[in-house]
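Here is the structure we will look at, set down as structure tokens.
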Amino acid sequence: MKIYNSLSGSKEVFKPITQKKINMYVCGMTVYDDCHIGHARTFLTFDLFLRFFNFLGFEVNYVRNITDIEDKIIEKAKIEKVNYDDISLRFIESMHEDFKKLNLLSPNIEPKASEHIGEIVSMIENLESKHHAYSVEEGDVYFDINSYSDYGKLSKRNLEELDAGARVEVDKFKKSPNDFVLWKKTQTEPNWKSRWGRGRPGWHIECSAMSKKYLGNTFDIHGGGLDLKFPHHENEIAQSECCNEKGFANYWMHVAPLNVDGKKMSKSLDNFITIKKVLNEYHSEVLRVFFYLTHYRKPINFTKDSIIEAKNILDKIYESLRNFELIDIEIDENYKSKFEEALSDDFNTPKALKILQDLTQKINKADSAEKKYTFQTTLKSLANAIGLLSDTTESYFKYSGKEEISEEEIEALISKRNEARQNKDFEKADSIRDDLLSKDIILEDKNDKTFWKKR
RNA sequence: GGCUGAGUGGCAGAGUGGUCAUGCAGCGGACUGCAAAUCCGUCCACGCCGGUUCGAUUCCGACCUCAGCCUCCA
């Protein structure tokens, strides 16, 4: 198994600390709004990692946190005149709903920042006692970046560069412009008692505290979106390594960003697409295929055409499993090993997908029932390993977030049409088919049966 | 300006020093009452300029372009 390690900037042979066990920490959501498809990419990618590690026989301890104390949450609460946890709880619920629909495997632990204030405070105290942190008159506590010589090793920058490029106005209390806040003094909710007065944690420290609690000082994999690499992950490394006096994560994995119509998603551009919106039109596995089509370290562009392409591909694959019933049969080892090989090379999903497409073609061209079953079973089993083909063909094709016409009505029209066909009244039969097509229902006559699917 | 990464056919996207990726879309054909699905066939390619080489999309160097980060961000 080879994975690309952001820390070294190269592909490395993956060696977990404990054989066959993996401790993995992923930076999760800051819950101040509905999840968008950029989030979907990141978490679907880590879900793939998790599934494939399981497939290879690793036991993964997966921690994905929830950041529920943060400026944007507090701001929103102020605007809506509600408690901050009304906001965070609302969006945690929304997130869980989305993630369930995306068929994401649950993390083993999903810790919340607000429930780890004790751990956070003691970590800051530890850093202060070792002179890696300092408090100022105002009551804020900062991390002293110059006390940690390895600063910048993940994002590959040094302090001089950072100082030169600093665009923000320097806080007058900071010793160095790149020092970042560990504890923010505040009287507004939420706040907690501490030796520096009432306040709340800064961003970054919660991940150091929670990963330490659940995974220990040093663990295998730490990841998140590429945009978290700097400063968030860089700062986590600084805090954790200074506090624990041990190496932090061995492998860092970052998922490249997603653009919409060639532009970064943002509310001002009005190209902000939520997971809910996409799932309203497409089966969640279409989104999965869409992501798998591009390697996770490459930027991806979300357009109407590209999601349709993903749907076309998945449609074909599902089509080849129509009427498939799982029977006890050996799977094709040759395809299995090719599939494993592709994903073992830093999760080359485009290649893995191609193997599934090859299998589909083999099924369609199989000249014996036995061969067909073998390929179908192989396809199903490999696809399942990466979270695909978990639905039946029938229900996949009938999936739709919105209902324009009921299944009963469709079935009724189909039998009406077949009656007309038997009477050779093709004009009537075609008009019924056109009518259904206008409602996005496609009919397929196969042998003596008629199937329907959503466009 | 700095750092990091990337440039392959309409789009997506593998891979390799010397035949071919592949998929989606398109086009032609088979099948079908007609379609759809499926199968068969088919078009289109490696940013630019040098160098190494018998030969480079693949190796080396310069250049150009793009993206992300440098401020909140998955």
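In what follows, chains carry the letters A, B, and so on, assigned in the order in which the sequence lines appear, proteins first and then strands, with residues in each chain numbered from 1. It should be emphasised that the depicted structure is a prediction, and the values quoted were computed from it without experimental measurement.
Between A:Arg297 atom CZ and B:G5 atom P there is a gap of 10 Å when expressed in whole angstrom units. Atom NE2 of A:His232 and atom P of B:U71 are 15 Å apart (whole Å). Protein atom OH of A:Tyr151 is 11 Å distant from nucleotide atom P of B:C70, rounded to whole Å. As rounded to whole Å, 13 Å separates atom C1' of B:A35 from atom NZ of A:Lys453. Straight-line distance from the CG atom of A:Asn418 to the C1' atom of B:A35: 13 Å, rounded to whole Å. In this structure, A:Phe290 atom CZ and B:G23 atom P are separated by 20 Å, rounded to whole Å. Put simply, CZ on A:Phe230 is 16 Å from P on B:G5, counting in whole angstrom units.
Counting distance only, with no hydrogens placed and no angle test, the side-chain atoms of A:Arg421 and the base atoms of B:G33 include a donor-acceptor pair under 3.5 Å. With hydrogens and angles ignored, a donor-acceptor pair closer than 3.5 Å exists between the side chain of A:Arg433 and the base of B:A35. The base of B:G33 lies close enough to the side chain of A:Asp430 for a donor and an acceptor atom to sit less than 3.5 Å apart.
In terms of phosphate contacts, A:Ser306 brings no side-chain nitrogen or oxygen within less than 4.0 Å of OP1 or OP2 of B:C24. Applying the 4.0 Å criterion to OP1 and OP2 of B:C69, one finds that A:Lys264 has a side-chain N or O inside that range. Note on A:Asn348: a side-chain N or O is less than 4.0 Å away from OP1 or OP2 of B:G15. Phosphate proximity of B:C24 to A:Lys316: present, with a side-chain N or O under 4.0 Å from OP1 or OP2. The side chain of A:Asn312 contributes no N or O atom lying less than 4.0 Å from OP1 or OP2 of B:G23. Remark: A:Thr294 is not in phosphate contact with B:A12, judged by side-chain N or O atoms under 4.0 Å from OP1 or OP2. The side chain of A:Lys365 contributes an N or O atom lying less than 4.0 Å from OP1 or OP2 of B:C40. Listed pair A:Asn364 / B:U38 fails the phosphate criterion, with no side-chain N or O lying under 4.0 Å from OP1 or OP2.
Atom name C1', nucleotides B:C43 and B:C54: the rounded distance is 32 Å, in whole Å. Separation of the C1' atoms belonging to B:U53 and B:G1 is 40 Å when rounded to the nearest angstrom. With C1' as the reference atom, B:G15 and B:U19 are 15 Å apart, rounded to whole Å. Comparing B:U57 with B:G50, their P atoms are spaced 13 Å from each other, to the whole Å. Taking atom P in both B:C60 and B:G7, the straight-line distance is 14 Å, to the nearest Å. One C1' atom belongs to B:G28, the other to B:C63, and the distance between them is 44 Å to the nearest Å. A gap of 34 Å separates the P atoms of B:G5 and B:C24, to the nearest Å. Separating the P atom of B:A14 from that of B:C27 is a span of 27 Å, rounded to the nearest Å.
Figure legend: A:Arg41 and A:Tyr296 shown without cation-pi pairing, the cationic atom not lying both under 6.0 angstrom from the six-membered ring centre and within 45 degrees of its axis. Taking the ring centre of A:Phe230 as origin, the terminal cationic atom of A:Arg157 falls inside the region bounded by 6.0 Å and 45° from the ring axis.
In this model, a donor atom of one side chain and an acceptor atom of the other lie less than 3.5 Å apart for A:Tyr318 and A:Glu285. Using modelled atom types, one finds no donor on one side chain facing an acceptor on the other under 3.5 Å when comparing A:Thr374 with A:Asp332. Using a 3.5 Å distance cut-off with no hydrogens or angles, the side chains of A:Tyr151 and A:Glu234 do not pair a donor with an acceptor.
Using a 4.0 Å heavy-atom cutoff across all strands shown, A:Lys298 reaches sugar-phosphate atoms only and no base atom. No contact: A:Ser320 has no heavy atom under 4.0 Å from any strand. Here A:Arg455 lies out of heavy-atom contact (under 4.0 Å) with every strand.
Scored by the ring-ring contact (aromatic ring centres under 6.0 Å, His included) test, A:His254 finds A:His233 as partners (sequence neighbours excluded). By the ring-ring contact (aromatic ring centres under 6.0 Å, His included) test, A:Phe43 is found to be paired with A:Phe99, residues two or more places apart in sequence or in another chain being considered.
Candidate nucleotides B:A36, B:C34, B:A74 were compared by shortest atom distance to the side chain of A:Lys446, and B:A36 ranks first. Distances from the side chain of A:Asp345 to the nucleotides B:C70, B:A14, B:G15 place B:G15 closest.
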